[in-house]
Amino acid sequence: MSYIRTKLQAVSCCMVAAKHVNTTNKDAPLDRTTLFMALSNVIQRNALLCARLQSPPNPHAPPIWVPLPSMNLEKVVEFLDCGWEDLRSVFEDQYSRPFDLDVDLPLWRLAILRDGTVVFVFDLILGSISFHRMLSEALRTQAESTGTRAVEIMVKLDEDLMLPPPLETLIKPSFPTWSSTIRELGRVLNPFRWRRLAATWSGNPIPSTFELDTHVRILPQYTASQIVPLVQLASSRGATLTAVLHTISLMALSRIIHKHGLTNTSRYAGTFIPLSLRQYTDTDVDRIRISPSFYHSINKLYPISTPVVPSSRAASGSDPKHLPDSAPAFPWHDAARFARRLKRDASWSATDVGTLKHIVAGGSFEAHLRGRLGTKRNVAIELSELGAFPLDDSYSEHPEAGARADVEKGRPTGALHAEPSWAIREMAFSLPGGVLGSALKIGVTRTPSGGLGIVVAWGKSAVTNAFAMDFVAAFEDGMATLLA
């Protein structure tokens with residue numbers, strides 16, 4: 001499925017950026033020698049990083065992974081004379097450079113900035129937050145090593161390392177069940193759903209041709225001291241961080257739709273939440289593979305008067321349900337309800353992928369994608385959260401990450417933690433660009449310290465820049481008010 005999207009250039013790449021900092025020597029940034037040695041270690045642990053996709057002789061058969069006998073790192077790594085503050089332009093440039101499926105190169109590349117920021121650019125078919133975790137571990141192991149080792153430009157894959165099978169073949173059940181079939185029929189035949197779709201805002205129609213130009217805005221990094229209390233508050237209200245961000249995005253969109261005079265025709269907005277299928281595919285956290293399904297919902301827009309209560313006020317014991325009419329209140333009941341729906345429907349997601357498997361096998365997925373051109377979008381907002389950065393005991397050596405690990409693992413807090421030789425300071429995740437998909441795309445990732453990075457992206461034809469910038473400002477306002 002992702003292969004066909006990439007072949008048609010219907011979507012562009014995904015990106016996860018992380019600033020890798022040498023904590024023992026601030027004057028020794030991530031240079032070519034240090035990076036190549038660590039990168040070789042990461043590649044040799046993950047077969048997909050040294051493989052390419054190849055079309056089979058049968059046009060109706062799925063593509064197959066083919067191991068590359070060797071790989072020249074200089075062909076997949078570029079060094080740029082800019083820093084984290086230039087990340088927006090780096091992201092936008094990478095979006096305009098699709099992967100070529102006809103060359104003997106993997107479906108990923110790196111952009112290295114002068115301040116140690118590493119941008120992992122990857123096709124939707126692979127990649128995850130674990131790349132930066134493994135790179136950071138390789139850098140620390142390398143720094144602790146007493147021996148010397150020559151820099152390897154050409155990397156060879158271990159012959160015993162097996163390529164993973166296609167995601168679709170790992171899903172059980174691989175064909176829709178009776179219950180899922182009835183559920184889908186209910187969605188299609190429900191007259192109220194079609195009535196809502198007619199009044200659903202989803203940006204401009206999909207253009208008649210595929211294009212990759214995508215705009216990006218990167219929000220300031222949120223610290224652990226801001227996010228950890230918010231996560232705890234959300235949990236106490238029966239919600240999750242994803243549900244809170246979903247609610248904030250809907251509130252922001254409602255404000256901007258009202259500001260741009262679209263309320264007469266738009267009363268609802270569709271949202272799209274990618275879901276991880278690792279639990280259904282037995283994929284360990286260190287395996288480079290993005291295993292996504294999705295959850296789609298149609299949500300009623302908020303009245304323009306709906307305000308937000310600071311989380312500190314809500315946490316102090318004031319129940320928003322009993323606040324005076326003049327007092328602002330965050331709709332925690334909506335966030336909690338969405339969290340319950342997301343958890344309930346996650347079990348259906350594996351069957352959805354199994355259904356798509358049979359669409360692809362029938363050779364109709366390409367026709368489906370082409371048929372989307374020139375039609376109305378289905379979704380206004382896609383919100384994808386990579387989740388908490390995978391922690392192990394070594395990360396507890398970092399002061400902030402150590403405190404977070406203590407809480408997660410039930411250990412007493414307040415202990416002193418020594419910094420590792422290499423640490424990740426900031427992170428940012430950007431969803432795939434292109435004409436298909438939602439009008440606005442919000443990528444969220446947690447940092448090792450428990451902070452948060454948020455990126456908003458939109459195709460140039462999806463919405464006007466003025467509308468998108470107003471949305472970003474409203475989203476930031478919502479976050480700032482909730483964190484006050």
Evaluate the side-chain proximity of [Y] to [X]: yes if any heavy-atom separation is below 4.5 Å, no if none is.
X: T271; Y: H296; result: no
X: N41; Y: Q142; result: no
X: K300; Y: R267; result: no
X: S438; Y: I381; result: no
X: T242; Y: L342; result: yes
X: Y268; Y: L301; result: no
X: T240; Y: S235; result: no
X: K376; Y: P205; result: no

If we count only N and O atoms by modelled type, under 3.5 Å, do the side chains of [X] and [Y] hold a donor and an acceptor together?
X: N22; Y: T24; value: yes
X: T223; Y: S225; value: yes
X: T375; Y: R372; value: yes
X: S202; Y: T200; value: no

Donor-acceptor under 3.5 Å ([X] side chain, [Y] main chain):
X: E426; Y: Q221; result: no
X: E385; Y: G443; result: no
X: H132; Y: V16; result: yes
X: N46; Y: L49; result: no
X: T481; Y: D477; result: yes

Without placing hydrogens or testing angles, list every side-chain donor-acceptor pair under 3.5 Å for residues 247-254, not counting sequence neighbours.
unit_1	atom_1	unit_2	atom_2	d
T247	OG1	A243	O	2.9
S249	OG	L245	O	3.3
S249	OG	H246	O	2.7
S254	OG	L250	O	2.7
S254	OG	Y302	N	2.9

Residues in side chain to side chain contact (heavy atoms under 4.5 Å, CB included) with [X], at least two apart?
X: S208; result: none
X: V77; result: L35, F36, L39, F79, L110, I112
X: T214; result: Y95, A457
X: D86; result: C82, S89, R114

### Query
Which of these, V444, V472, V455, sits in a side-chain contact (heavy atoms from CB on, under 4.5 Å) with L219?
V472
### Task
Begin from the C-alpha positions of I256 and H260 and carry the test side-chain contact (heavy atoms from CB on, under 4.5 Å) through to its verdict.
CA-CA 6 Å; I256 306 310; H260 287 253; 3.5 Å; yes
To the nearest 0.5 angstrom, please state how far the [atom1] atom of [X] sits from the [atom2] atom of [Y].
X: L68; Y: L105; atom1: CG; atom2: CG; value: 7.5 Å
X: T141; Y: M134; atom1: OG1; atom2: CE; value: 12.5 Å
X: L30; Y: L139; atom1: CG; atom2: CG; value: 6.0 Å
X: K19; Y: T447; atom1: NZ; atom2: OG1; value: 12.5 Å
X: M469; Y: R217; atom1: CE; atom2: CZ; value: 4.0 Å
X: S40; Y: R45; atom1: OG; atom2: CZ; value: 13.0 Å

### Query
Charged N to carboxylate O below 4.0 Å: is that the case for K441 and E382?
no
#### Entry: Steps toward side-chain hydrogen bond (donor to acceptor under 3.5 Å, both in side chains) verdict (S297, N299)
CA-CA 6 Å; S297 63; N299 310 269; 3.3 Å; yes
### Message
Tell me if the aromatic rings of W201 and F467 count as close, with their centers under 6.0 Å from one another.
### Response
yes
The criterion is salt bridge (Lys or Arg N to Asp or Glu O under 4.0 Å); which residues satisfy it with [X], sequence neighbours excluded?
X: R377; value: none
X: D93; value: R97
X: E476; value: none

### Task
Applying side-chain contact (heavy atoms from CB on, under 4.5 Å), run through V76 and W108 and close with a yes or a no.
CA-CA 7 Å; V76 294; W108 64 274; 3.8 Å; yes
### Query
Given the rule in the side-chain contact (heavy atoms from CB on, under 4.5 Å) test, do L230 and L452 qualify, once you have shown the distances and angles that lead to the verdict?
CA-CA 11 Å; L230 177 60; L452 201 67; over 6 Å; no
Check side-chain hydrogen bond (donor to acceptor under 3.5 Å, both in side chains) between [X] and all other residues, then give those that pass, not counting sequence neighbours.
X: D115; value: T117
X: W422; value: none
X: N204; value: none
X: S461; value: E211

Tell me the closest heavy-atom pair linking [X] and [Y], and the distance in Å.
X: Q94; Y: E78; answer: NE2-OE2, 3.0 Å
X: M71; Y: I43; answer: CE-CD1, 3.4 Å
X: A38; Y: A138; answer: O-CB, 3.7 Å
X: W458; Y: A439; answer: CB-O, 3.4 Å

### Query
Hey, does the Lys NZ or Arg CZ of R109 hover above the aromatic six-ring of F99, less than 6.0 Å from the centre and inside 45° of the axis?
yes
### Query
Can you say whether the rings of W332 and F330 are parallel (under 30°), tilted (30 to 60°) or perpendicular (over 60°)?
perpendicular
### Task
Show the numbers, then the answer: is there a side-chain contact (heavy atoms from CB on, under 4.5 Å) between L383 and F272?
CA-CA 6 Å; L383 173 65; F272 185 90; over 6 Å; no
### Query
Out of D104, D102, D123, which one pairs with R52 under the salt bridge (charged side-chain N to carboxylate O under 4.0 Å, His left out) rule?
D104
